[in-house]
**Student:** 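One structure is given below, represented as structure tokens, and several questions about it will come after.
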Amino acid sequence: NAIHPTGSTNNIVNDNAGNVTIGAALTATTTVSDSKGEVRTVPVNSQTTGYTVVAGDAGKFISITTGGVTCNASIFSAGDAVTIYNNSGSNQTITAGASVTFRLAGTATTGNRTLAQYGVATLLCVTGGATPTFVVSGAGVT
């Protein structure tokens with residue numbers, strides 16, 4: 001079964017097996033998912049050495065055990081967010097690459113951030129592009 005709204009090329013398809021697809025972007029069975037996976041879960045990107053975030057990390061969380069995480073310019077757009085989990089008993093450094101500003105949430109403090117053991121930090125891009133600004137918040141962030 002397909003529904004074709006007047007003047008639209010986006011299809012809503014029910015395959016009569018419990019699956020509904022809207023266009024190519026949204027599929028629902030017993031859960032709602034998009035291109036990154038289930039909408040109600042946060043996909044994980046596990047890393048065991050120093051890691052530099054990529055555009056595909058937006059909406060995910062990075063689990064890091066050693067080496068820290070670096071965020072470079074021209075990767076994220078305003079509104080993109082990535083969460084970092086320090087999956088170790090040692091501090092990890094979250095490094096702002098060249099031309100990147102990290103602002104500690106609720107303060108005027110800028111610069112690289114330290115993420116304490118088993119801490120969680122979210123980097124919210126508030127200004128994207130070649131000179132992005134991120135607000136960094138979370139438990140164990142200094």
Side-chain angles (χ1 to χ4, degrees), residues 1-15 18-142:
N1 299 334
I3 300 170
H4 303 276
T6 303
S8 173
T9 57
N10 294 324
N11 297 327
I12 300 172
V13 178
N14 179 345
D15 70 1
N19 302 309
V20 176
T21 302
I22 301 172
L26 178 69
T27 300
T29 54
T30 56
T31 60
V32 177
S33 61
D34 64 11
S35 63
K36 292 189 179 186
E38 252 188 82
V39 173
R40 300 217 184 258
T41 64
V42 179
V44 63
N45 176 354
S46 295
Q47 298 294 322
T48 57
T49 62
Y51 181 70
T52 301
V53 296
V54 296
D57 289 322
K60 295 181 180 180
F61 85 91
I62 298 164
S63 176
I64 188 82
T65 57
T66 188
V69 176
T70 300
C71 184
N72 289 323
S74 301
I75 301 296
F76 294 113
S77 300
D80 287 343
V82 62
T83 298
I84 300 167
Y85 170 60
N86 180 359
N87 193 11
S88 78
S90 302
N91 290 347
Q92 298 291 323
T93 300
I94 305 171
T95 304
S99 301
V100 175
T101 300
F102 283 166
R103 187 169 312 282
L104 184 61
T107 74
T109 305
T110 60
N112 295 340
R113 306 276 44 105
T114 298
L115 185 57
Q117 61 182 353
Y118 305 106
V120 176
T122 296
L123 283 63
L124 173 63
C125 183
V126 294
T127 306
T131 57
T133 298
F134 293 82
V135 173
V136 183
S137 63
V141 178
T142 57

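Being a predicted model, the structure only gives us computed values, none of them experimental.
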**Student:** Judged by atom type as modelled, is there a donor-acceptor pair below 3.5 Å linking the side chain of T93 to the main-chain atoms of T95?
**Tutor:** no

**Student:** Roughly how far, to the nearest 0.5 Å, is the CG atom of L115 from the CD1 atom of I94?
**Tutor:**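 So the CD1 of I94 and the CG of L115 are separated by 4.5 Å.
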
**Student:** Could you tell me which non-hydrogen atom of A121 sits nearest to which non-hydrogen atom of V141, and how far apart they are?
**Tutor:**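 Between these two residues, the closest heavy atoms are CB-CG2, 3.5 Å.
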
**Student:** To check you understand the geometry: which heavy-atom pair defines the closest contact between S99 and P132, and what is its length?
**Tutor:** O-CD, 3.6 Å

**Student:** Taking side chain to side chain donor-acceptor pair (under 3.5 Å) as the test, write out the residues that go with T109, two or more places apart.
**Tutor:** T107

**Student:** Side chain of N112, backbone of A96: donor and acceptor closer than 3.5 Å?
**Tutor:** yes

**Student:** Any idea which heavy atoms bring A73 and A130 closest together, and the distance?
**Tutor:** CB-O, 3.3 Å

**Student:** Find the distance between CZ (F61) and OG1 (T41) and round it off to the nearest 0.5 Å.
**Tutor:**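 F61 atom CZ to T41 atom OG1 measures 10.0 Å (nearest 0.5 Å).
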
**Student:** Show the numbers, then the answer: is there a side-chain contact (heavy atoms from CB on, under 4.5 Å) between V69 and V53?
**Tutor:** CA-CA 7 Å; V69 176; V53 296; 3.7 Å; yes

**Student:** Output the distance between atom CG (D57) and atom OG1 (T83), rounded to the nearest 0.5 Å.
**Tutor:**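 Result: 11.0 Å between the selected atoms.
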
**Student:** Can you name the nearest heavy-atom pair linking F76 to A55, along with the distance?
**Tutor:**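 For F76 versus A55, the nearest heavy atoms are CE2-O, 4.0 Å.
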
**Student:** Might you point out which heavy atoms bring L123 and C71 nearest each other, and give the distance in Å?
**Tutor:**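 Looks like CD2-CB, 4.3 Å.
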
**Student:** Is there a donor-acceptor contact under 3.5 Å from the side chain of Q117 to the main chain of N86?
**Tutor:**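 No, because the side chain of Q117 does not come within donor-acceptor range (under 3.5 Å) of the backbone of N86.
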
**Student:** Please report the interatomic distance CD1(I64) to OH(Y51), rounded to the nearest 0.5 Å.
**Tutor:** 9.0 Å

**Student:** Do R113 side-chain atoms and T142 backbone N/O form a donor-acceptor pair below 3.5 Å?
**Tutor:**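 Looks like yes, one N/O pair under 3.5 Å.
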
**Student:** Measuring from T133:OG1 to L124:CG, what's the distance to the nearest 0.5 Å?
**Tutor:** 11.0 Å

**Student:** Give, for atom CD of Q47 and atom CG of N87, the distance between the pair rounded to the nearest 0.5 Å.
**Tutor:** 12.0 Å

**Student:** How are the rings of Y85 and Y118 set to each other: parallel, tilted or perpendicular (split at 30° and 60°)?
**Tutor:**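 Aromatic pair Y85/Y118 classed tilted.
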
